[in-house]
Amino acid sequence: MHGRVMATSVAVVAGVSADDLGRPTPCAGWDLRRLLAHMTGQNHGFAAAAGGAGPDPALFADRHPGAVLAPAATVPDA
């Protein structure tokens, strides 16, 4: 199920432009940039933990899209 969700997320984010990152989301106080940073950080953290990295909270830190990177480049493959 996680793989399907990630594949769908990657497909949706692929259509996001830099101009879209400031748009609001249903999450109060979060724009799309913040939401993507949170989702990306969580996915990297879960992957690291599953790979044996342990329960380090820093592994789950937000990963903000860079100014040069396309937003889709920050979402890990399923």
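Being a predicted model, the structure only gives us computed values, none of them experimental.
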Subject >> Side chain to side chain, Leu59 and His44, heavy atoms closer than 4.5 Å >> reply: no

Original post:
Judged by atom type as modelled, is there a donor-acceptor pair below 3.5 Å linking the side chain of Asp56 to the main-chain atoms of Ala58?
Top reply: yes

Original post:
Can you tell me how far CG of Leu32 sits from CE of Met39, rounded to the nearest 0.5 angstrom?
Top reply: 9.0 Å

Original post:
When you measure from the side chain of Thr25 to the backbone N and O of Asp31, does any donor-acceptor pair fall under 3.5 Å?
Top reply: no

**OP:** Start with the C-alpha gap between Asp20 and Ser17, add the side-chain angles, then the distance that decides, and say whether side chain to side chain donor-acceptor pair (under 3.5 Å) holds.
**Re:** CA-CA 5 Å; Asp20 293 325; Ser17 73; 3.2 Å; yes

Original post:
How many angstroms lie between atom CZ of Arg34 and atom CG of Asp62, to the nearest 0.5 angstrom?
Top reply: 4.5 Å

Original post:
If you round to the nearest 0.5 Å, how far is OG1 of Thr40 from CZ of Arg63?
Top reply: 8.5 Å

**OP:** Locate the shortest heavy-atom distance separating Phe60 from Gln42; write the atom from each residue and the value.
**Re:** O-NE2, 3.2 Å

